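Notes follow the structure.
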Amino acid sequence: MDEQNRTNINKTIKDSYQRSSSSNILSLQRDSVRRSSIASDNDETFLETPKRQKLDDSSNGTSSHNIAESVPGSPWEWRRMRGEIIALKTRLSHQEVQQLHKVRREIEEIFQKEKKILEIQVDQDKQMIKQLELRIDVGRRTIQDAKATQNQAERELIQVKSKLEQKILALLDDNNRLSEELRGYVRNEGKTDANESNKDSEDKVAELNEKLEASNNRISELEEKLKEARSVQQKYEVQCIEVQSLKVKLQNFESEKIGWEEGKKFAQRASQANEFERELYQAREIIKSLRESIKGKLLLEEQMSSMEHRLKHTENLEKEVSQLEIQRAELLSKITEYETIGITGGPIAIRREINRLQHAEALLTADEGQLRSRVESIQRELINYQQQCEDTKKSLTETTTSHERLTRFISRLQKKMSLDSYRQQLDTYEKEITGYQSGEVSNIISERIPALERAIESYRDLVAKLESDLEAVDGGGQREECKKLREEVERLRNEFEHRALKGDFNINSRILHFKMNPAAIAEQQAEEKRKALLEEVEQLRTIVASGSHTGIPTVSSLQMQELSELQQKHELKITRLKEAFKASSHEYRQACYQLFGWRVDRTKESQYKLSSQYAESPDDYLFFIVNEDGVNMIETPFSATLTTLIERHLQRQHSVPMFLNAVQSELFDQQTVLT
Amino acid sequence: MTEQQQKTKCITLKGSAELVKQYLLYGINNILYQRGIYPPETFEPAEHFGLCILMSTNLQIVNFFNVVLSQIQEWLIQKKVRKVTLIISNVNTKEVLEKWDFKIDYETELSNGKGDGNLSDIGTKDIKTIQKEIREVIRQITGTVSFLPLLDCLCSFDILTYTIPECDTPKEWDETSPVFIANSQEVQLRTFSTSLHKMETIVSYKNT
């Protein structure tokens with residue numbers, strides 16, 4: 001297992017390294033892509049790169065997945081590898097996105113540059129067009145001037161023509177007049193004397209000839225002038241033709257110029273369009289590739305998310321599995337515990353066991369209760385005994401004090417006795433001393449002293465013996481017996497007192513009580529009541545058992561009584577309340593009537609009939625509906641007579657109280673006027 | 001009573017018994033009122049021993065007291081009664097909830113041996129002092145309400161008389177068994193004496 005793990009780890013490390021290197025390669029490739037995009041020459045590589053990328057990613061993913069599947073190793077390893085995978089994937093996606101962003105940015109820059117160039121061109125074209133337009137304007141102005149001069153010339157010409165025609169007409173008239181005069185003269189000459197006429201005629205002819213000649217000259221002059229005018233006219237016509245031809249030429253020039261410009265523009269545009277198309281194509285391809293890469297990216301993200309989901313799911317499952325295993329282990333341990341205890345029959349047996357135990361517990365609790373009660377009784381006894389013990393102690397102290405007194409007494413007696421004996425001895429000594437005063441006193445004394453000492457010793461022994469005898473006689477059995485008896489007496493007295501206090505006067509007494517005491521009577525009554533109730537219960541039970549609910553539900557007599565009492569009480573209460581309410585409401589209404597002068601009757605819910613104190617007849621009343629919407633007046637015969645007031649107060653002022661006041665005052669005025 | 005009014009300031013056995021009977025009557029009435037055995041509206045105030053005591057107006061109870069206490073008085077004179085017990089019991093369960101013992105000691109008994117109702121017994125205590133003592137005991141009875149447990153059920157009472165064994169059972173009387181309160185608490189009240197009768201008052205109640 002260890003070796004396998006190690007190899008697996010090595011593999012994973014290698015894989016991760018490879019992946020990192022491949023990602024480097026990818027980044028390099030992307031650099032090339034960028035360059036290519038900038039150059040916008042190599043479209044194929046650009047198109048191919050994202051696909052390759054995708055393939056690499058998928059292969060990486062699958063390889064990692066395979067590795068993950070093939071590595072069952074330790075969970076730590078597993079997690080670490082998974083973390084690496086996630087980190088690498090995130091890095092990959094980040095890089096992709098960044099690259100795509102860069103490419104797009106560069107494309108946008110190029111577009112903007114081209115756009116600027118084109119704009120500049122457009123500006124230049126515009127300027128050209130403006131110059132040309134200016135030129136055209138100048139031309140037009142010259143044409144207009146020419147036209148104006150032409151018109152002037154034409155007008156002059158027409159004037160000259162009309163003048164000349166007038167002159168011609170005048171001359172023709174003169175001519176006609178002259179020819180008529182001439183004829184007249186001729187006729188006159190014929191009629192008159194030939195003599196006279198010859199002479200005169202000759203003169204006249206000469207004159208006429210002269211005149212004729214003058215007129216002929218004049219005519220010739222006029223004809224010359226006419227010729228000149230015609231030539232001028234011809235010249236003018238020629239000029240007109242020339243102007244027209246010039247105009248045509250100008251138009252031709254303009255059209256030619258426009259055509260030329262358009263052609264130029266078209267040519268330029270055509271040249272640019274090709275470039276644009278190419279760029280557009282490139283851009284579209286770039287966009288297409290980008291979209292594909294985005295698609296690929298999205299796919300990868302989806303895969304990523306699905307993988308994450310699965311990962312989470314698997315993690316959760318793992319957790320659950322581990323928890324379940326733990327639970328299983330716990331349960332197994334519990335089961336083993338149970339088995340070790342000896343319960344092998346499963347939960348039913350346990351339940352049985354529990355039931356048994358509960359039963360046992362219940363029994364034990366019952367026992368416990370009993371024991372507690374016993375404990376309490378024992379405690380009570382203990383308290384009694386303690387009291388007794390205290391009493392005995394007291395008695396003990398008393399006895400000890402008496403004993404001490406006695407011992408003191410005994411010692412005193414002993415002293416007395418010894419004193420007596422000493423006194424006797426002293427007397428004997430004195431006697432002896434008086435007897436042996438003369439002679440060998442010292443010898444005698446020396447002899448006597450040990451003898452006397454011996455005697456003292458013997459006396460002392462005697463005293464001790466006597467004391468022991470005394471004790472044997474006085475104390476011993478008797479004293480102990482006395483003590484015991486005293487203790488018992490004390491105990492019994494205490495007990496007796498206690499019992500007496502408790503009421504146990506069970507000593508030499510009869511306990512009498514009056515038969516018909518209240519307790520007995522009450523008990524009897526209670527018993528009777530209980531019996532009655534039991535009987536009723538029985539009756540009810542039989543009714544229930546027979547199932548006959550047809551009859552009136554047989555409420556117990558007591559309950560019935562109670563209920564009827566309650567009912568009566570409530571009815572009384574209600575009638576009283578009603579009376580009180582009536583009285584108060586009447587009073588209130590009366591007060592309202594007297595204070596405001598309106599009797600308000602509530603005919604229906606939220607409908608009020610108002611009749612004034614000063615109304616002429618009881619039929620004169622107003623009718624209102626008061627609800628959430630406000631106050632609405634309903635038409636009555638009386639209200640029909642109050643149209644002016646209604647108009648003033650209700651329609652204009654929207655005030656019901658004012659209206660009522662106005663009605664009231666009016667009615668009052670009417671009544672007072674009448675009275 | 002006539003003898004009490006004499007200026008000799010002495011008290012006869014009869015008078016003493018009368019006083020004891022009065023004490024019992026007022027004391028028990030007071031207990032009945034204070035402990036709420038009967039509704040308060042059935043009680044009327046009356047002045048005794050310089051105290052305002054609420055006396056029951058229930059005819060049944062009044063008759064009961066008349067019969068029982070006059071009998072007890074008779075026994076007191078005969079020195080047959082040793083203790084009078086007022087028991088307060090739950091009507092439904094018959095459980096005794098409270099017990100008032102009035103123990104009577106005959107102070108002439110020591111010198112007299114077994115008293116046979118010698119009417120010549122004369123005490124020397126002033127009636128005013130006796131009444132003062134009785135008043136104090138009744139005041140104490142009133143004060144017991146502060147510590148006695150609340151009687152929250154329907155209750156009734158009975159008077160038991162502990163007599164000497166030689167006592168005859170009168171008509172309409174009956175012999176009964178002593179009463180115990182399990183797990184009881186006892187409180188001894190003041191004692192008063194008429195110089196012929198010594199009265200100890202003890203209240204026992206259920207220790208809850």
Side-chain angles (χ1 to χ4, degrees), chain A residues 368-388 493-537 556 558 562 565, chain B residues 32 37-38 56 58 60-61 63-65 67-69 71-72 75 80-85 87-94 96 99 101 103 154-181 183-184 186-188 200 202 204:
Chain A
E368 199 198 344
Q370 283 177 352
L371 286 168
R372 257 187 205 153
S373 61
R374 270 173 67 187
V375 163
E376 276 174 10
S377 63
I378 285 159
Q379 274 177 345
R380 247 178 280 136
E381 279 175 20
L382 190 76
I383 290 156
N384 293 344
Y385 285 131
Q386 275 174 347
Q387 278 183 343
Q388 285 173 13
R493 193 174 283 161
N494 277 324
E495 201 176 339
F496 174 73
E497 269 180 20
H498 184 71
R499 289 181 78 173
L501 211 61
K502 282 256 186 190
D504 182 15
F505 210 91
N506 206 8
I507 329 139
N508 290 330
S509 67
R510 292 178 70 184
I511 302 156
L512 300 171
H513 73 143
F514 194 61
K515 268 183 193 167
M516 291 307 290
N517 60 54
I521 293 161
E523 275 165 22
Q524 207 180 324
Q525 281 173 354
E527 192 66 30
E528 277 170 12
K529 200 173 171 182
R530 209 180 64 185
K531 269 185 188 168
L533 285 169
L534 277 170
E535 275 173 22
E536 211 165 88
V537 164
S556 71
L558 276 167
E562 280 172 15
E565 272 172 27
Chain B
L32 293 182
I37 311 298
Y38 290 96
S56 178
N58 189 332
Q60 268 189 323
I61 295 165
N63 287 332
F64 174 73
F65 281 138
V67 174
V68 173
L69 291 177
Q71 181 64 55
I72 288 168
W75 278 330
K80 277 182 176 172
V81 62
R82 283 182 168 148
K83 190 166 87 166
V84 177
T85 304
I87 56 163
I88 294 164
S89 56
N90 187 339
V91 172
N92 292 320
T93 60
K94 296 182 183 177
V96 178
K99 187 155 75 80
D101 288 330
K103 274 168 84 175
L154 194 64
C155 291
S156 189
F157 77 99
D158 192 8
I159 293 171
L160 306 183
T161 320
Y162 290 65
T163 61
I164 54 165
E166 295 83 9
C167 187
D168 298 323
T169 312
K171 201 183 162 190
E172 291 191 320
W173 283 65
D174 205 358
E175 198 166 344
T176 183
S177 57
V179 167
F180 298 100
I181 299 173
N183 190 19
S184 68
E186 291 87 25
V187 175
Q188 168 119 36
E200 278 181 59
I202 300 152
S204 312

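Small disclaimer: the values here were computed from a predicted structure and weren't measured. Labels below follow one simple rule: chain letters A, B, ... track the order of the sequence lines, proteins then strands, and each chain is numbered from 1.
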* To do: Apply side chain to side chain donor-acceptor pair (under 3.5 Å) to the pair B:E186 and B:S184, showing each step before the final yes or no.
  => CA-CA 6 Å; B:E186 291 87 25; B:S184 68; 2.5 Å; yes
* Against chain A, label B:S89 side chain, backbone, both or neither, depending on which of its atoms sit under 4.5 Å from a heavy atom there. => side chain
* Asked: Any side-chain heavy atom of B:I159 sitting closer than 4.5 Å to one from B:F64?
  -> yes
* Sort B:V91 into side chain, backbone, both or neither according to what part of it lies under 4.5 angstrom from a heavy atom of chain A. => both
* Taking every heavy-atom pair that is under 4.5 Å apart, which of A:E376, A:K515, A:Q525 has the most such pairs with chain B? -> A:K515
* Heavy atoms, side chains only, cut-off 4.5 Å: are B:D174 and A:F514 in contact? -> no
* Asked: Relative to chain A, which segment of B:F157 carries a heavy atom at a distance below 4.5 Å: side chain, backbone, both, or neither?
  -> both
* **Heavy-atom donor-acceptor pair, A:N517 side chain to A:A519 backbone, under 3.5 Å** => yes
* Portion of B:L160 that has a non-hydrogen atom of chain A nearer than 4.5 angstrom -> both
* Structure fact -> Whatever's closer than 4.5 Å to a heavy atom in chain A on B:Q60 counts as side chain
* **Interchain contact, B:F65 with chain A, by part (heavy-atom threshold 4.5 Å)** => neither
* Which residues pass the salt bridge (Lys or Arg N to Asp or Glu O under 4.0 Å) test with A:E527, sequence neighbours left out? -> A:R530
* Of B:K83, B:Q188, B:K103, the residue whose pairing with B:E200 passes side-chain hydrogen bond (donor to acceptor under 3.5 Å, both in side chains) -> B:Q188
